[in-house]
Amino acid sequence: MPSNACRRRVARAACLVAGLIALAGLAVPAAAVAAGPDRLTRSVPRLRAALDRFVAAGAPGAVVLVRDGDRTVRLARGLADRAHRAPMRVTDRFRVGSVTKTFVATVVLQLAGEGRLSLDDTVARWLPGLVPNGQAITVRQLLSHTSGLFDYTEDRAVLAPYVRGHLTVARAPRTLVARGTAHPPLFAPGARWSYSNTGYILLGLIVEAAAGDSLEGQLQQRILGPLGLRRTTFDRSPRIRGDHAHGYFAMGTGPARDVSVFSPTWAWAAGAMVSTADDLARFYRALLEGRLLRPDLLGAMKTTVAMGPPGESYGLGLWRTRSMGLSPTNKLACGSVWGHDGDFPGYVTDAFASEDTRRQMVVLVNSDTLRRPAQRALVRVGDIAACA
């Protein structure tokens, strides 16, 4: 999600989930796979070196995918599982946090294109009585984070069981909404921009009401199945299925904990998906090339509002950025890119593409509590990956 980790991402709550279990091992380099044309090939040594520095600075591991035209480079470094010293693989699955929002927004826009809902419908139209002032908040405002709704991930009651170490506690979507709406709104609907996971929980419920189907079913039917994203799932279970990277969390100077077994229900439509680098690249390429939405709907998705920092703006589940959220002061030399980032306890994702989709990058990291040297190294990885 477009923000500093621990502030606006869906996993900002991870900042309060203290390290609870001892560190188990140190990261070491894993094998790399690379191929590409001259321009891309020339960037591979720099990208490998940046990844090596990233892992040497204390990160457990990472997967990077870079595409330029019809050629793709995939690299893996570090460990997917510290306890068993298992090396990271480019095919490993990660929790991708707020990247889920682009998937959910795409389903909402498809339903709008079919006339099953309108972007100007109010929350009260679909979920009567659930949200105070719901008759004044539109679907479009939920999508663009201009609803003014308080973000439920800022509510300590939501986080309390996880802070105490009960990481598999399940949360119902309406309970999450209730925690968010128990707080006063931040501003009148449409007045300004503020990231709200509460809004995307509401969008998931609206999808289910409009489609008469589960959100998981709609994602599978409309996106995952048609695009052949076989290693992408919308999860409800705390355990990640298949080969995956274990996620690690640490607080302060304390040891890191493996937080891979963590209930995704606390993020639901705001961040419960699990995916791979290749699947995310395929999804964003299909989306930005117009294979999932009509031109007018893709145009609506790319109609942005200012987020505050120069060069940063947000559309309908899609972020246009010069920084990718990696550093508030770092700006990409190659200009703006489109996509989303994501943060879930133990995981960080960045998935972006140039507007013409010729250039793509996906960076997956299995820790969201990196020390400052690793954070600086990750900025370098992102720069090279995005502008190779």
Side-chain angles (χ1 to χ4, degrees), residues 1 8 10 12-13 98 100-162 169-219 221-222 234 236 263-273 300 305 314 316-317:
M1 58 168 269
R8 297 184 195 133
V10 70
R12 73 182 98 189
S98 286
T100 302
K101 291 180 173 69
T102 311
F103 285 82
V104 171
T106 301
V107 171
V108 171
L109 287 160
Q110 288 181 346
L111 289 168
E114 296 164 8
R116 300 175 75 173
L117 59 77
S118 167
L119 298 183
D120 296 318
D121 284 346
T122 66
V123 173
R125 157 75 173 82
W126 290 104
L127 305 169
L130 185 60
V131 176
N133 201 32
Q135 72 279 3
I137 301 171
T138 67
V139 170
R140 191 187 307 271
Q141 290 164 347
L142 297 178
L143 288 165
S144 63
H145 297 295
T146 57
S147 69
L149 290 171
F150 181 88
D151 190 333
Y152 73 87
T153 66
E154 298 284 0
D155 187 302
R156 290 183 177 272
V158 174
L159 311 178
Y162 309 110
V169 170
R171 295 293 196 189
R174 287 176 180 261
T175 300
L176 299 176
V177 171
R179 294 312 312 166
T181 57
H183 298 263
L186 304 180
F187 49 81
R192 55 189 179 89
W193 187 91
S194 182
Y195 199 86
S196 175
N197 289 297
T198 307
Y200 271 77
I201 302 298
L202 288 166
L203 287 167
L205 293 171
I206 289 171
V207 166
E208 294 190 335
D213 187 16
S214 68
L215 177 57
E216 180 180 6
Q218 287 292 290
L219 288 165
Q221 173 189 323
R222 294 173 176 275
F234 182 75
R236 290 180 180 272
S263 177
T265 61
W266 83 275
W268 198 56
M273 296 193 81
V305 296
Y314 200 91
L316 306 183

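Because the structure is a prediction, the values reported are computed rather than measured.
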Output the distance between atom [atom1] ([X]) and atom [atom2] ([Y]), rounded to the nearest 0.5 Å.
| X | Y | atom1 | atom2 | answer |
| --- | --- | --- | --- | --- |
| Leu186 | Thr146 | CG | OG1 | 12.0 Å |
| Gln218 | Leu111 | CD | CG | 5.5 Å |
| Arg222 | Leu109 | CZ | CG | 11.0 Å |
| Gln221 | Ser214 | CD | OG | 9.5 Å |

How close do [X] and [Y] get, counting heavy atoms only, and between which atoms?
| X | Y | answer |
| --- | --- | --- |
| Ala210 | Leu117 | CB-CD2, 3.9 Å |
| Arg171 | Val158 | NH2-O, 2.9 Å |
| Ile201 | Ala267 | CD1-O, 3.4 Å |
| Thr102 | Gly317 | OG1-O, 2.8 Å |
| Gly180 | Thr198 | CA-OG1, 4.0 Å |
| Pro264 | Ala272 | O-CB, 3.6 Å |

4.5 Å side-chain heavy-atom contact, [X] and [Y]:
| X | Y | value |
| --- | --- | --- |
| Phe187 | Ser194 | yes |
| Lys101 | Leu203 | no |
| Leu202 | Leu149 | yes |
| Ile206 | Arg125 | no |

* **Passing candidate, side-chain contact (heavy atoms from CB on, under 4.5 Å) with Tyr152, options Thr175, Asn197, Leu159** =>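 Filter result, single survivor: Asn197.
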
* To do: Report yes or no: does Trp193 contribute a side-chain atom to a donor-acceptor pair with the main-chain N or O of Tyr314 at less than 3.5 Å?
  =>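 Such a contact is absent between Trp193 side chain and Tyr314 backbone.
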
* **Check: Thr100 side chain, Met273 main-chain N or O, donor-acceptor pair, under 3.5 Å** =>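 Between the backbone of Met273 and the side chain of Thr100 there is a qualifying donor-acceptor contact (under 3.5 Å).
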
* **Residues which pass side-chain hydrogen bond (donor to acceptor under 3.5 Å, both in side chains) with Arg179, listed by chain and number, not counting sequence neighbours** =>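 Listed in chain order: Asp155.
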
Side-chain polar contacts of residues 128-139 - donor-acceptor pairs under 3.5 angstrom, sequence neighbours left out - could you list them?
residue : atom : partner : partner atom : Å
Asn133  : OD1  : Gln135  : NE2          : 3.3
Thr138  : OG1  : Gln141  : N            : 3.1

* To do: Only pairs at least two apart or in different chains count here, so list each ring-ring contact (aromatic ring centres under 6.0 Å, His included) that has a residue in residues 101-130.
  =>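 Passing the test, one end in residues 101-130: Phe103-Phe283.
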
* To do: Any chance you could lay out the side chain to side chain contact (heavy atoms under 4.5 Å, CB included) test for Glu208 and Asp213, step after step, and finish with the verdict?
  => CA-CA 5 Å; Glu208 294 190 335; Asp213 187 16; over 6 Å; no

* Could you check Trp268 against Leu215 for side chain to side chain contact (heavy atoms under 4.5 Å, CB included), going step by step and ending with a plain yes or no? => CA-CA 9 Å; Trp268 198 56; Leu215 177 57; 4.2 Å; yes

* Where do Thr265 and Val169 land on the side chain to side chain contact (heavy atoms under 4.5 Å, CB included) test, with the steps shown first? -> CA-CA 8 Å; Thr265 61; Val169 170; over 6 Å; no

* Asked: Using 30° and 60° as the class limits, which term best fits the ring planes of His183 and Phe150: parallel, tilted or perpendicular?
  ->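 Parallel: the ring planes of His183 and Phe150 meet at under 30°.
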
* How are the rings of His145 and Tyr200 set relative to one another: parallel (under 30°), tilted (30 to 60°) or perpendicular (over 60°)? ->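 Ring orientation, 0 to 90° scale: tilted.
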
* To do: For Gln110 and Arg116, run side chain to side chain contact (heavy atoms under 4.5 Å, CB included): C-alpha distance rounded to whole Å, both residues' side-chain angles, the deciding distance at 0.1 Å, then the answer.
  => CA-CA 9 Å; Gln110 288 181 346; Arg116 300 175 75 173; over 6 Å; no

